[in-house]
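First comes the structure, then the notes that go with it.
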Amino acid sequence: MAEEKLYPDKRMSPYLWSVADGVWVLQGDIKHGMNIYFIETPAGVVQFDAGTKGMTRAVKAAGQRLGGIEKIVLGHAHADHRGSAAGLNLPILCHADEVADARSDAAIPSYFDLSLLEVAPIKWIYPTLLRRWDGGGVEISDTVAEGDEVAGFEVIHFPGHAPGLIGLWRESDRLAIVSDVVYFVDSARLKALPEGEATIPHPAFAWDHVASRDSLRRLASMQPKTVLAGHAEPLSGDNLQSVLELAADRY
């Protein structure tokens, strides 16, 4: 099963593939740039993050293919990470500090400052993109906190990009699934970074930009061997600590 793909041709969108032991990623929307993760457990599949509204049908198909989704855990409540959740009729969990934004119908959080984006066309298009990606507010059935266990992973609180941003950490293979703690894309220009590079999320999208740098440094200190982020391809290797530390200093 580890080598099996739902869609064998990556030119097709969305694209589901096995990215680690018991972990699948569904990549869809613009340039396959939005990532949704599925973690297999004896009780069913736990979904981490929910991508965009346009991925809803693909999420349902992926869940069916993997044996059924038990619940959704949101890494955070931004439009491109909660988008499909409203259309799935599943229990939804998040960090307590993210509940208010998860329930809100606002596609653009109050702390976003898109005027900080340097490229004018990108600055103008983001409000439209965020509203298109969003599926609306969702009801939260429970919360998770630092140190909780989810599908064999430990919950880590990484505030900054969002107040209640969380990641999942598996010590056995040093695997980190981290939503938007780190970017492997240039969000201010809507393009991929060079392979092997990373960056801190842009301050235009930050609840607390200083805290987001601290959270990325914390991730670096954990010395992960593989980092699965909210966008783009996984980052793996033996020198990720230095890559992530450099990313924390990028802005």
Side-chain angles (χ1 to χ4, degrees), residues 13 27-36 49-55 74-85 94 97-98 100-102 104-137 158-167 178-220 227-233 235 243-251:
S13 179
Q27 297 181 303
D29 215 289
I30 300 174
K31 297 181 179 179
H32 300 91
M34 310 299 187
N35 293 338
I36 300 174
D49 269 341
T52 63
K53 181 180 179 180
M55 297 173 71
L74 295 180
H76 62 300
H78 292 175
D80 54 331
H81 293 267
R82 72 174 188 179
S84 72
C94 68
D97 292 345
E98 206 66 11
D101 283 331
S104 170
D105 281 329
I108 304 174
S110 60
Y111 53 82
F112 275 22
D113 185 357
L114 301 181
S115 70
L116 297 176
L117 292 168
E118 298 87 353
V119 180
I122 302 298
K123 184 188 309 184
W124 299 332
I125 199 174
Y126 254 111
T128 299
L129 287 175
L130 290 163
R131 293 185 180 99
R132 183 178 74 81
W133 291 334
D134 195 27
F158 289 115
H161 180 64
L165 194 155
I166 59 166
V178 298
S179 199
D180 280 354
V181 177
V182 63
Y183 277 177
F184 304 141
V185 294
D186 181 348
S187 59
R189 291 166 178 79
L190 291 175
K191 67 178 185 179
L193 291 172
E195 186 174 352
E197 289 192 15
T199 185
I200 194 169
H202 195 282
F205 309 108
W207 169 71
D208 183 330
H209 190 57
V210 173
S212 67
R213 287 186 295 181
D214 293 341
S215 286
L216 185 48
R217 289 189 180 109
R218 181 185 182 190
L219 175 62
V227 177
L228 307 179
H231 306 282
E233 302 299 315
L235 188 66
V243 172
L244 297 172
E245 287 173 346
L246 180 62
D249 296 329
R250 190 168 292 275
Y251 283 103

Distance check, rounded to the nearest 0.5 Å: M34 atom CE versus H81 atom NE2? 7.0 Å

Checking D80 side chain against T52 main chain: does a donor-acceptor pair fall under 3.5 Å? no

Begin from the C-alpha positions of N35 and D49 and carry the test side chain to side chain contact (heavy atoms under 4.5 Å, CB included) through to its verdict. CA-CA 8 Å; N35 293 338; D49 269 341; over 6 Å; no

Would a line drawn from the ring center of H78 to the ring center of F112 be shorter than 6.0 Å? yes

With rounding to the nearest 0.5 Å, note down the distance linking CD in Q27 to CD in E233. 4.5 Å

A107 versus L130, closest heavy-atom pair with distance: CB-O, 3.8 Å

Note: S115 and K123 closest approach over all heavy atoms is O-NZ, 3.7 Å

Atom pair CG/CD1 of D249 and I200 - distance to nearest 0.5 Å: 8.5 Å

CG/L116: more than 12 non-hydrogen atoms of other groups inside 6.0 Å: yes

Examine F205 together with Y126 and report whether their ring centres are nearer than 6.0 Å. yes

Heavy-atom donor-acceptor pair, R132 side chain to G54 backbone, under 3.5 Å: no

Run the side chain to side chain contact (heavy atoms under 4.5 Å, CB included) test on L190 and I122 for me, step by step, so that the C-alpha distance in whole Å, both residues' side-chain angles and the decisive distance to 0.1 Å come before the verdict. CA-CA 8 Å; L190 291 175; I122 302 298; 3.8 Å; yes

Between CZ on residue F184 and OG1 on residue T199, distance to nearest 0.5 Å: 10.5 Å

How far apart are the C-alpha atoms of L74 and E98, what are their side-chain angles, what is the distance that settles it, and do they pass the side chain to side chain contact (heavy atoms under 4.5 Å, CB included) test? CA-CA 9 Å; L74 295 180; E98 206 66 11; over 6 Å; no

Checking the side chain of S84 only, and the main-chain atoms of A50 only, is there a donor and an acceptor separated by less than 3.5 Å? yes

Closer than 3.5 angstrom, by distance alone: can the side chain of D134 be matched with the main-chain N or O of K53 as a donor-acceptor pair? no

Please report the shortest heavy-atom distance between V243 and A198, naming the atom on each side. CG1-CB, 4.2 Å

What are the two closest non-hydrogen atoms of D101 and R82, and how far apart are they? O-NH1, 3.0 Å

Side-chain touch S179/F158, heavy atoms, less than 4.5 angstrom: no

Which heavy atom of G196 sits nearest a heavy atom of L235, and at what distance? CA-CD1, 3.8 Å

Spatial distance of atom NE2 (H76) from atom NE2 (H161) [nearest 0.5 Å]: 3.5 Å

Applying side chain to side chain donor-acceptor pair (under 3.5 Å), name anything that partners S215, two or more places apart in sequence or on another chain. none

Can you name the side chain to side chain donor-acceptor pair (under 3.5 Å) partners of E245, sequence neighbours left out? Q241

Please assess R131 against I108 for the test side chain to side chain contact (heavy atoms under 4.5 Å, CB included), listing each intermediate value before the final yes or no. CA-CA 8 Å; R131 293 185 180 99; I108 304 174; 3.8 Å; yes

What distance do L165 atom CG and D97 atom CG have between them, rounded to the nearest 0.5 Å? 11.0 Å

